[in-house]
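Convention: sequence-line order gives letters A, B, ...; per-chain numbering from 1.
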Number of protein chains: 2
Amino acid sequence: MTDDTGRYDVTRYQRPSVTVDVVIFTLCNQELQVLLIQRARWPYEGCWALPGGFVEIDEPLERAAVRELEEETGVTDVYLEQLFTFGRTDRDPRSRVITVAYLALVAAERIRPRAGDDATDARWWSTYALPALAFDHRQILDYALTRLRYKLEYTAVGFELLPQEFTLAELQGTYEIIVGETLDKANFRKKLTRANVIEPTGQFRQTAGRPARLYRYREDAVAEVKARRLFP
Amino acid sequence: MTDDTGRYDVTRYQRPSVTVDVVIFTLCNQELQVLLIQRARWPYEGCWALPGGFVEIDEPLERAAVRELEEETGVTDVYLEQLFTFGRTDRDPRSRVITVAYLALVAAERIRPRAGDDATDARWWSTYALPALAFDHRQILDYALTRLRYKLEYTAVGFELLPQEFTLAELQGTYEIIVGETLDKANFRKKLTRANVIEPTGQFRQTAGRPARLYRYREDAVAEVKARRLFP
DNA sequence: ACAAAAGTGTTGAGAGTACACCCATGC
DNA sequence: GCATGGGTGTACTCTCAACACTTTTGT
């Protein structure tokens, strides 16, 4: 620490503002969607932005992220992961603002649509057709997308976007949507079986054809699938 | 952003201090070592800590990390990667301090030993025999170690700890020291060959036995070895 | 019976692992 | 020649990817 020399102390420094921004993904209409809110005032008035806000002085970072997430979606207890801290000096025209970005995954049916309780417009956008974003939020979103795709390759994180019980076809569809390529049914199933991260519930779901066995995520499964990547 | 509702503005918030802390690893005496500095004053007076310091108000985050690194080791242009941002409210007894942790890898012979230019004691410690650390620095260091070991499995980052030219035995030794297990010589070589990240320089190094071929890192190599993990 | 969707088996190619062996140098 | 360390070949196993196939339901 620079102040170990005795030449500086904590109060001598101008302090930056610190915010959290949360990239909230969900799966809806066969699309990966992200929640954006429309800014009501300068700067970037009318522009869409990631949900986020200032970190309170007595609030842990992650709790700030959880709070923002809850304010916008009404859900708590979802997958939340710190992504990266963005600290360019010119990223906010008002003053020096450092933002800690988080990645959240929410199953579509868990979202309680928020009554627009503070006149701020908020809606889900397809990640394939995004509007212009405020600040460096486009960069943050791209980073989040890259991380999500990458993470899907070697962890079981895809379950977080599905309901508690799901069929293998639904899970495969999730993966296909996110990574943007089709996967072989048989091989996908074999890998999941070997990874040992899901278990059948014993229930079935009616379909147009043969009923599909329902699975759930194994609570005792290791989040990190050590063995190999889950898809090609 | 919470202030989009119009109820808040930037100046309304008490701001935390923001620091960077850098976990600087090197390889020396067949050990993975980390650079620590001894604190001269309260809090944690006399205690060892990671090098770090406050982020200037007009200074990008990464530049602050580079600056700290240069102050302590005299080197620039080394491998530097943002690790994680630690934001517990009680991590610094002086006030709310959020720290952005960075991971740096420096080849031992690049280090210009710094004359103790500001009476602060600084030295390298083996990661196997660490002293008590100030703040939450032990947690940060453990996180850095985990990340380094993990990253070594699927990237070529190990080269950063070696001189520009190295033998395969030296490279294997690096990996063995960091992951803490012995590797099969033949298989290690085959994997590196397939990964296509190194090339022979044409030079040789004298040894007690047959001279060893020298290699260098391929500039055009992709940092991320997509194919497979580099070791079992 | 047929369509639709679930679910399985087979096969060849390549990667991982273990271990034995050969090669070049100094003394 | 022999010790020393660098460097290679081989054989067995496992995983991967592709693709054809069987099973169970509704109509």
- What do you reckon, is CD of A/Gln164 surrounded by more than 12 foreign heavy atoms closer than 6.0 Å? no
Residues in residues 203-211 of chain A with a heavy atom under 4.0 Å of DNA chain C, by number, are A/Ala208, A/Gly209, A/Arg210, A/Pro211
Which of B/Leu214, B/Thr174, B/Ile198 passes side chain to side chain contact (heavy atoms under 4.5 Å, CB included) with B/Phe166? It is B/Ile198
Here the distance between atom P of D/dT15 and atom NZ of B/Lys191, to the nearest Å, is 14 Å
Residue pairs meeting salt bridge (Lys or Arg N to Asp or Glu O under 4.0 Å), one or both in residues 163-178 of chain B, sequence neighbours left out, come to B/Glu170-B/Arg205
B/Leu183 CG to D/dG7 C1', in whole Å, measures 17 Å
Would you check if the side chain of B/Thr99 reaches a backbone N or O of B/Phe86 as a donor-acceptor pair within less than 3.5 Å? no
Separation of C/dA6 atom P from A/Leu214 atom CG, nearest Å, is 11 Å
A/Gln172 CD to D/dA17 C1', in whole Å, measures 14 Å
Between CG of B/Leu192 and C1' of D/dG7 the distance, given in whole Å, is 14 Å
**Message:** Strictly distance-based, threshold 3.5 Å: is any side-chain N or O of A/Gln82 a donor or acceptor partner for the main-chain N or O of A/Val100?
**Reply:** no
* Asked: Just by distance, do the side chain of A/Asp184 and the backbone of A/Asn187 share a donor-acceptor pair under 3.5 Å?
  -> yes
Name the pairs: protein N/O against N/O of nucleotides 8-13 of chain C, kept only if under 3.5 Å.
residue: C/dT10; atom: O4; partner: A/Lys190; partner atom: NZ; Å: 2.9

### Query
Can you find a heavy atom in the side chain of A/Ile37 that is under 4.5 Å from one in the side chain of A/Asp121?
no
Notebook entry, point to check: Looking only at atom types and distance, does a side-chain atom of A/Thr127 sit under 3.5 Å from a main-chain N or O of A/Leu32, one as donor and one as acceptor?
Noted result: yes
Whole-Å distance, B/Phe188 CZ to D/dG6 P, equals 13 Å
In whole angstroms, the gap separating P of C/dT17 from CZ of B/Arg194 amounts to 10 Å
